[in-house]
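Comments concern the structure below.
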Amino acid sequence: MSALTTENGATPVAEEPPDTGARHKLTAVTGLAALSLDAMASVAYGPEAIVLVLAAAGGYGLGFTLPVTLAIAGLLAVLVASYRQVIAAFPDGGGSYAVAKTHLGRRTSLVAAGSLVLDYVLNVAVAVTAGVAALTSAVPELYGDRLWVCLAVLVLITAVNLRGIVDSARAFILPTAVFIGAILVLIVVGLFRDAPVSTAASDGHASVLADNATTVGALLLLKAFASGCSALTGVEAIANAVPSFRAPAARRAMRAEVALGALLGVMLIGLSVLISRFGLQPVEGVTVLAQLADASLGHNWAFYVVQFATMVLLALSANTSFGGLPVLLKLLARDNYLPHVFGLKADRQVHRHGVVWLAVVSAALLVFSGGDTNTLVPLFAIGVFVGFTIAQTGMVLHWRRERGPRWMAKSLLNGLGAVLTGVSAVVVTATKFHDGAWLIVIALPVLVLAFEAVHRAYGRIGERLGVGRIPETPHRERSLVLVPVSSLTRVTSEALTAAVSLGDEVRALTVCHSDAEDLAATEALERDWALWNPGVPLVRLRSERRSLGRPITAYVRDLGTTEPGTRVTVLIPEAEPERLWLRALQNQRGAVVAHAVRRDTDAVVCRLRFRC
């Protein structure tokens, strides 16, 4: 920065450039760490989901592991290409919600939003319980306390995210890098093996392979495909959180999306190749990934590195929801489908209300499930398939309306993706319905109805406020300021000084109860008031009950009848001690009066705090 001089020759102090918030936003690399952990961690259970379904057809069925995985990888390529276009077309984020809102109508967009909300919330609960399950497998002594461990992990992730998405990304870069590196090394080393180096992990465990099964039907393959598609959860998170990236946000988000798709595809295909190469069979109590690490790297320190990295990443993959859901809630709040408080952003570019709400609901789910992964898994992934299908369908209409270069090919690609994800959504819902998926079938419409109810409420409020219309020209009205008093103090003097500065007329109000003690105190106050003579009349309000709020609100309502066209302000003086603990010694009369006036009248309420 070049030095500038003033007229007297002095060099002014250089001002710091304004904080644009860029340092609290994501790059392509930190975006992967913040928003792709869900998708990355899915390689730990995606291939296993395929193998467990195909195991029903015996060893012959396991031979279809690689073809099914290749089909999923093809769908992954379609989704990545589609969401890359979604990012470019909708740089404000929102993913399938934004696409549906533009091309499929309001109601469909709310279904997409509801499915994303459910998916994000369930992802947190499933990720935390899966990570803790891996931990308790290694340390069985913690199994009885797994719920408390789950809640502790959730508190840790929430605390990191409340510091900002960039801080969470930086904290999770190392675990992400270790996991990706470990899986890639496992795959590369395994490709040079002709046979498993070790089977120690699976020795002594019962096989779940079906006997004497030699046929594989289309329904079984479809079910395996739908189960394996659980590996695709999280692919949409980057498109939902584009505003969290540094400028140019869309370009950085597209790079992160492509990198995620490439890494996830390579890992899924590589692991499936090793499953076929080693003739792996699923066994009870040992994950497929653990068997692959054992077969490829041996039962040594490298095996435990893979297991530990998997455990950590599974637990931290909940961070994807903390990165994506608050941005979606902000968009819904902006469109009046959620309370506007979800649109507020803190200094570190954090939507704190969204983060805290997600943590609270996820904690409730953890308590409901008792920290058991199997209770939550049947509910998982249905919402994401619904969102995928809506986004793909919306992009088909997008290309048809844009009519840009190669729009036909792009429409066909998205149309194929919509069919595949739509079929997967139906199959997963049908096969998991009795295991708990019926809760999602009920919860999704309820959530959409809740969005609609909030929108109608904001519509009524906007109509009353005249939002979108030019209001009347401001005009002056007679103003009357009422000051409740109970004694003559410095606070009373300060309140009356403020009141005469605000209004055309000022009246002091004192409430008098019917018992002798209160009558004597009121008469003493009236004598002192006459001697003081502040130029403000003192009005006695009689009350048969020991109430402060009711007689004052009744007096304000009567003014509306006897003095129409008068703007009434109730100025409530309150002493506020310097120390917090001393404030508990106050009688809180001001709060009682303020609540009653605000509830029962249209008067303006001012609370004048006199600091002492």
Side-chain angles (χ1 to χ4, degrees), residues 339-341 344 461 464-467 471-513 518 521-522 525-526 528-530 532-543 545-612:
H340 289 167
V341 69
L344 300 179
I461 294 171
R464 294 287 300 273
L465 296 178
V467 175
E472 297 178 358
T473 304
H475 58 281
R476 181 176 177 80
E477 292 182 343
R478 175 177 174 271
S479 60
L480 171 62
V481 182
L482 306 177
V483 183
V485 298
S486 59
S487 60
L488 287 184
T489 65
R490 188 177 171 187
V491 178
T492 307
S493 176
E494 291 286 342
L496 294 180
T497 299
V500 298
S501 303
L502 291 174
D504 299 321
E505 182 184 350
V506 178
R507 299 176 192 172
L509 307 178
T510 185
V511 177
C512 177
H513 303 299
D518 279 344
T522 302
L525 175 62
E526 290 175 336
D528 293 341
W529 195 274
W532 184 38
N533 191 22
V536 174
L538 178 65
V539 179
R540 179 194 291 197
L541 303 179
R542 297 187 179 276
S543 175
R545 299 179 180 180
R546 303 201 61 83
S547 170
L548 287 174
R550 289 182 181 178
I552 293 176
T553 56
Y555 183 77
V556 173
R557 286 197 300 266
D558 290 341
L559 288 174
T561 304
T562 59
E563 302 181 39
T566 300
R567 293 283 179 173
V568 179
T569 300
V570 180
L571 190 148
I572 304 170
E574 297 175 283
E576 185 175 274
E578 181 180 6
R579 298 185 181 279
L580 183 62
W581 70 272
L582 290 173
R583 297 176 191 175
L585 304 179
Q586 303 302 106
N587 55 30
Q588 308 302 322
R589 289 182 178 179
V592 173
V593 174
H595 175 72
V597 173
R598 186 178 295 111
R599 181 191 59 199
D600 298 331
T601 74
D602 293 328
V604 177
V605 178
C606 293
R607 299 177 71 175
L608 177 66
R609 288 182 168 87
F610 180 78
R611 300 184 185 278
C612 55

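Note that the numbering runs from 1 along the sequence shown for the chain.
Note that the OG1 atom of T562 and the CZ atom of R557 stand 13.0 Å from one another [nearest 0.5 Å]. For the atom pair L608 CG and E574 CD, the distance stands at 8.5 Å (nearest 0.5 Å). One distance of note links CZ of R567 with CG of L559; it measures 14.0 Å at 0.5 Å rounding. The structure places CG of L525 at 11.5 Å from CG of D518, a figure rounded to the nearest 0.5 Å. To the nearest 0.5 angstrom, L541 atom CG is 5.0 Å from L509 atom CG. Summarising the geometry, atom CD1 belonging to I572 is positioned 12.0 Å from atom NE2 belonging to H595; distances are rounded to the nearest 0.5 Å.
When atom types are taken as modelled, the side chain of T492 and the backbone of S487 share a donor-acceptor pair closer than 3.5 angstrom. Looking only at distances, a side-chain donor or acceptor of S479 sits under 3.5 Å from a matching main-chain atom of D504.
Within a 6.0 Å radius of CZ in R490, other residues, nucleotides and ligands contribute 12 heavy atoms or fewer. For R550, the CZ atom sits in a loose shell: 12 or fewer heavy atoms of surrounding residues, nucleotides or ligands are nearer than 6.0 Å. The environment of CZ in R464 is sparse: at most 12 heavy-atom neighbours from other residues, nucleotides or ligands sit within 6.0 Å. Within 6.0 Å of CG on D602 lie no more than 12 heavy atoms contributed by other residues, nucleotides or ligands.
Annotation for P573 and V491: closest pair CB-CG1, 3.5 Å, computed over non-hydrogen atoms. For the residue pair L480 and V506, the shortest heavy atom distance occurs at CD1-N, 4.4 Å. The two residues T522 and V511 have their closest heavy-atom pair at OG1-O, 4.5 Å. Taking all atoms of both residues into account, the shortest heavy-atom contact from A495 to V483 is CB-CG1, 3.9 Å. Counting all heavy atoms, side chain and backbone alike, R598 lies closest to V605 at NH2-CG1, 4.0 Å. The two atoms that bring R607 and A594 nearest to each other are CD-CB, 4.0 Å, heavy atoms only.
Between V570 and P484 the shortest side-chain heavy-atom distance falls below 4.5 Å. Side-chain contact check for W529 versus T510: every heavy-atom pair is 4.5 Å or farther apart.
Paired with V568 under the rule side-chain contact (heavy atoms from CB on, under 4.5 Å), one option of V481, T601, V597, L482 passes, and it is L482.
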